[in-house]
Amino acid sequence: MLSHIPAVLKGAALERVRALVRAAPWEDGAATASGHAASVKRNLQVAGDPARRKPLDEIVMPAILSDPRFVEVAFPKVMAPPTYNRYDPGMTYGDHVDAPFLSAGRVRADISLTLFLSDPDEYEGGELTIRQGDATFRARHAAGDLVTYPTTSLHHVTPVTRGTRLAAVSWVQSYVPDERQRRILWELSEAKKLLDRTAPAAPETDALRNGLFNLLRMWWQP
Ligand code: NI
């Protein structure tokens, strides 16, 4: 399931992250890609030293992991520290699939995420383009908005033609690795929210709660 979650980062926290990223030293994005992905990756990213990225990670990771809308779609178990990237005019990231494991094998990438750090009027091009089967989805959202998609999806970023596009990208290992199961759980949770408000004591609401909780028990992988 693809998901667009607005304003995961906002206000002073968003401005602080934007300022830190703008002031950071940059390296060639191909440094952290391998094989085919490295050959189509033409961007910049905040340079190597994890200690330098710590002040960024300390704002960005809790903001994402504590957002209830993200938790409802992702069931996050562990998140890899983000990569902060930059696309200037002419930069692009061609079609690729993300690696299955990160952080030296400690994180299995079930869900990919992009946190936009530039507003759409700050650049042209730079669309995150995700393919699912023969359908194509394009994402270009406000600074602070998050997009998540299954890491199983082929995707690319179209060339930036004006301005600068900043974003953080990361990957999450989910307690529910199967994307079909995550979608079913999310849909049933949406129905449960309505029934909790409108018919909390109805036997049918209890039946739905029971069904949802039992599916969670069946599909949860600790
Ligand atoms: Ni990617």
Side-chain angles (χ1 to χ4, degrees), residues 1-9 32-37 40-41 60-83 85 93-116 127-141 144-158 167-195 208-222:
M1 183 167 105
L2 279 77
S3 187
H4 167 215
I5 308 172
V8 167
L9 208 59
T32 53
S34 57
H36 174 70
V40 294
K41 191 177 183 188
V60 169
M61 294 178 76
I64 294 172
L65 288 170
S66 68
D67 191 301
R69 300 165 298 175
F70 177 72
V71 172
E72 282 172 4
V73 296
F75 305 94
K77 180 179 181 181
V78 54
M79 179 178 175
T83 300
N85 60 35
Y93 195 165
D95 256 332
H96 66 281
V97 283
D98 294 339
F101 297 101
L102 297 133
S103 301
R106 288 189 299 277
V107 180
R108 185 191 58 230
D110 295 322
I111 298 167
S112 299
L113 54 90
T114 292
L115 178 71
F116 292 89
E127 271 184 337
L128 171 63
T129 308
I130 301 156
R131 298 197 187 173
Q132 294 222 313
D134 59 2
T136 296
F137 301 89
R138 297 169 203 284
R140 202 169 175 283
H141 295 297
D145 285 17
L146 184 72
V147 165
T148 76
Y149 54 98
T151 305
T152 51
S153 315
L154 193 65
H155 57 278
H156 66 269
V157 176
T158 64
V169 298
S170 188
W171 297 267
V172 158
Q173 179 168 333
S174 176
Y175 283 115
V176 183
D178 188 316
E179 63 195 76
R180 298 165 306 171
Q181 293 172 347
R182 286 196 301 273
R183 179 174 174 165
I184 290 167
L185 293 171
W186 179 80
E187 287 171 339
L188 293 176
S189 295
E190 289 297 290
K192 177 178 165 296
K193 275 191 224 164
L194 173 74
L195 291 172
L208 179 78
R209 282 186 197 118
N210 204 22
L212 172 60
F213 294 168
N214 285 333
L215 286 176
L216 275 167
R217 269 185 278 270
M218 275 170 59
W219 292 340
W220 199 261
Q221 300 205 3

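Contact detail for Thr114 and Ala167: the closest heavy-atom pair is CG2-CB, 4.1 Å. Across all non-hydrogen atoms, the minimal contact from Ser174 to Ile111 is CB-CD1, 4.2 Å. Across every non-hydrogen atom of Ser66 and Pro62, the tightest pair is OG-O, 2.6 Å. For the residue pair Ala80 and Ser103, the shortest heavy atom distance occurs at CB-OG, 3.9 Å. Ala135 and Phe137 make their closest contact through CB-CE1, 4.0 Å (heavy atoms, listed as atom of the first residue, atom of the second, distance). The two residues Ser3 and Val73 make their nearest non-hydrogen contact at OG-CG1, 3.9 Å.
A salt bridge links Arg183 with Glu187; the closest basic N to acidic carboxylate O contact falls under 4.0 Å. Using a cut-off of 4.0 Å between Lys/Arg side-chain N and Asp/Glu carboxylate O, Glu72 and Arg69 are scored as not salt-bridged.
Between the CG atom of Leu208 and the OG atom of Ser189 there is a distance of 8.5 Å, given to the nearest 0.5 Å. Distance OG1/Thr32 to CG/Asn85: 9.0 Å, rounded to 0.5 Å. For the atom pair CD1 of Ile130 and OG1 of Thr148, the computed distance is 8.5 Å after rounding to the nearest 0.5 Å. Rounded to the nearest 0.5 Å, atoms CG (Leu115) and CG (Asp145) are 8.5 Å apart. Annotation: the span from Glu190 atom CD to Leu194 atom CG amounts to 9.5 Å, rounded to 0.5 Å. In this structure, the separation between CE on Met79 and CG on Leu65 is 5.5 Å, given to the nearest 0.5 Å.
Partners of His4 under the ring-ring contact (aromatic ring centres under 6.0 Å, His included) rule, at least two apart in sequence or in another chain, are His141. Contacts of Glu127 classified as salt bridge (Lys or Arg N to Asp or Glu O under 4.0 Å), with partners at least two apart in sequence or in another chain: Arg138. In this structure, Phe70 has no ring-ring contact (aromatic ring centres under 6.0 Å, His included) partners at least two apart in sequence or on a different chain. Tyr93 meets the side chain to side chain donor-acceptor pair (under 3.5 Å) test with no other residue; sequence neighbours excluded.
Put simply, the side chain of Lys77 does not reach to within 4.5 Å of the side chain of Asp110, judged on heavy atoms. Pro150 places a side-chain heavy atom less than 4.5 Å from the side chain of Gln132. In this structure the side chain of Val172 never reaches within 4.5 angstrom of the side chain of Phe75, judged on heavy atoms.
When each of His156, His155, His36 is paired with His96, the ring-ring contact (aromatic ring centres under 6.0 Å, His included) condition holds for His155 and for no other.
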Residues 213-222 side chain polar contacts: donor-acceptor under 3.5 Å, at least two apart:
residue	atom	partner	partner atom	Å
Asn214	OD1	Arg217	NE	3.3
Asn214	OD1	Arg217	NH2	3.0
Asn214	ND2	Asn210	O	3.2

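Applying the salt bridge (charged side-chain N to carboxylate O under 4.0 Å, His left out) test to residues at least two apart or on different chains, the pairs with a partner in residues 94-106 are Asp95-Arg131.
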Quick one, Val147 with Leu2, criterion side chain to side chain contact (heavy atoms under 4.5 Å, CB included). Give me CA distance, side-chain angles, the key distance, then yes/no. CA-CA 7 Å; Val147 165; Leu2 279 77; 5.8 Å; no
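Side chain of Arg140 to main chain of Leu128: no donor-acceptor pair is present (N/O by atom type, distance under 3.5 Å, no hydrogens or angles).
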